[in-house]
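Right, one structure below, let's go through it.
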Amino acid sequence: MKTATTLAAMAVLLAGFSSTATADQAVDAPIKKVTVYSDRAMITRTAELDLNAGEHTLLFENLPEGVLDASFRASANGVRSLTILGLSHRDTVRTENPQEKVAKLEHVINDVKTQKQQAILDRLEALNEQKKFLAAVSKGAGDEMSQEVARGGIDVAQWESAFRFIGKGMVQVNDSTRLFKATLDSTQRELDMLNRTLSDYRSPVSKTTKTVQVDVRLETAGHVQVNLEYVIPGASWTPMYDARLTAGNERVDLSYNAEISQHTGEDWKEVELTLSTASPSLGAGPGNFSPWYLASFTPPQSPSGMKGQITGRIVDAQTGEPIIGASVLLAGTKLGAQTDPDGNYALNGIAPGLYTLTIASVGYNTTKVTSVDVIPQRSIAVSPQLERMSKDLGVSVEVRAKQEIIDKFCTSSQTAITADVIKQPRVSSVDQ
């Protein structure tokens, strides 16, 4: 019986790729499902693989740069004891080698010129000669008819048939000439477009893509299916209604359609498409539990083992309203939290040092607060205001922490002396 294992991992919490994987394998994972929301889309890619027993590192490469980092999800099913060990991502910058594309495009341009365009020119030349012939016949026939009129004898029916033949031939030639000239213009526009593309290909271009790594472990060899989901902006849909009055004017047939647009940088070919009116959340977790204690005991700690705390309140920069469910992540650690209904959060048990906070929420620009100095047994207040996301998706805001230190555990005045202060030459002993 096949088992399924699902992992929902936030890629921004991971600093690098897992070191447990024994082999890197780039997978072919075409898009299978697309769910389109009002301002974004959720993409599902599926890789079908036959894997040996052991640990494997699967790479989903060349994903669009605009994918929202906090939206990556991985799931897998297949043989027994199939386990997803981890998920992470990285940005990959590469310079595309245009030589192969240039050669293919030059071949296409040559085919259009030598076959399509030249064939049209040859046909137009033949039509022009045919038109000259009909004009000459028409002129000769006119001279001959004038001579018969002068002699007093003319066969009207014969000359009527002759001029009808000439006129019909001229009409056909003129119609064919106009048709082939229009085709020639269209072919020239096609060549112009191909030449512009060729010019672009001849200039090396640096392109940034995302690579997602999924580490899996199999106890036994077998066929597995690995799915990767992510959310990307640049897609939307709008409803369309079609009302038709029946022939008898007794009822109106109303049909409901949709118009979909996307410029995500991916091709949606033969996918299972779903339209949704929901608004997906990113980086949503189970939240923080509030335990009940029968008794509490805090073991004594040495000064080097004491921890600090970061707290704050996240609000909208324009309205001042609290932002619910915003993700607050501490770079370089696995610590993170989400804001409660009042916009408050707390990060506990932080080792002393300088840190960077990353705050993200749906509809807002990601904000980074740098130089947050955590001191043992102190609480640091960091409360940035988030700006709403503009049309330029992917914009991040960086803030340098300058807030005051708050010690909620202190009932009297205290002074913290750090190693940097002791190293200054104006004192000669610890007592001073």
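Heads up: numbering here begins at 1 and tracks the sequence. Keep in mind that the numbers below use all heavy atoms, side chains included, and drop hydrogens, waters and symmetry copies.
No donor-acceptor distance shorter than 3.5 angstrom exists from the side chain of Ser327 to the backbone of Gln338, with no hydrogens or angles considered. Put simply, the side chain of Arg313 gets close to the backbone of Asp342: a donor and an acceptor are under 3.5 Å apart. At least one donor-acceptor pair under 3.5 Å links the side chain of Thr339 to the backbone N or O of Gly325.
Trp237 contributes atom CH2, which lies 10.5 Å from atom CG of Leu273 (distance to the nearest 0.5 angstrom). To the nearest 0.5 Å, atoms NZ (Lys32) and CG (Asn227) are separated by 10.5 Å. Here the OH atom belonging to Tyr355 is positioned 7.0 Å from the OG1 atom belonging to Thr333, to the nearest 0.5 angstrom.
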- Intermediate values then yes/no, salt bridge (Lys or Arg N to Asp or Glu O under 4.0 Å), Asp316 and Arg388: CA-CA 8 Å; Asp316 188 298; Arg388 290 189 175 274; 3.2 Å; yes
- In sequence, state the C-alpha distance, the side-chain angles, and the governing distance for Thr209 and Thr92, and then conclude on side chain to side chain donor-acceptor pair (under 3.5 Å). CA-CA 5 Å; Thr209 59; Thr92 303; 4.7 Å; no
- Please lay out, stage by stage, how Lys207 and Glu65 fare under the test salt bridge (Lys or Arg N to Asp or Glu O under 4.0 Å). CA-CA 9 Å; Lys207 184 178 181 181; Glu65 182 183 9; over 6 Å; no
- Between Phe133 and Gln130, is a side-chain contact (heavy atoms from CB on, under 4.5 Å) present by the stated rule, with each step listed? CA-CA 5 Å; Phe133 172 76; Gln130 187 176 353; 5.6 Å; no
- Derivation of the side-chain contact (heavy atoms from CB on, under 4.5 Å) call for Thr46 and Val226: CA-CA 6 Å; Thr46 301; Val226 182; over 6 Å; no
- Item | Residues Gln25, Leu49; criterion side-chain contact (heavy atoms from CB on, under 4.5 Å); working and verdict | CA-CA 10 Å; Gln25 178 180 351; Leu49 304 166; 3.9 Å; yes
- Message: side-chain contact (heavy atoms from CB on, under 4.5 Å) for Gln117 and Leu191? Distances and angles first, verdict last.
- Response: CA-CA 9 Å; Gln117 188 181 51; Leu191 282 173; 3.5 Å; yes
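The number of heavy-atom neighbours closer than 6.0 Å to CZ of Arg123, taken from other residues, nucleotides and ligands shown, is 12 or below. For CD of Gln318, the number of neighbouring non-hydrogen atoms (other residues, nucleotides, ligands) closer than 6.0 Å is greater than 12.
The shortest non-hydrogen separation linking Leu335 to Gly349 is CD1-O, 4.1 Å. Counting all heavy atoms, side chain and backbone alike, Ser81 lies closest to Glu219 at CB-CG, 3.0 Å.
With 3.5 Å as the limit, one finds a donor-acceptor pair spanning the side chains of Ser261 and Ser236.
By the 30° and 60° cut-offs, the orientation of the rings of Tyr241 relative to Tyr256 is tilted.
Residues Phe72 and Val67 meet the side-chain proximity criterion, which asks for heavy atoms closer than 4.5 Å. In this structure, the side chains of Leu330 and Leu357 come closer than 4.5 Å at one or more pairs of heavy atoms. A 4.5 Å side-chain heavy-atom check between Thr83 and Val216 finds every atom pair outside the cut-off.
With sequence neighbours excluded, the residues that form a salt bridge (Lys or Arg N to Asp or Glu O under 4.0 Å) with Arg45 are Glu266.
Here Asp253 pairs with Arg251 in a salt bridge; the nearest charged N to carboxylate O distance falls below 4.0 Å.
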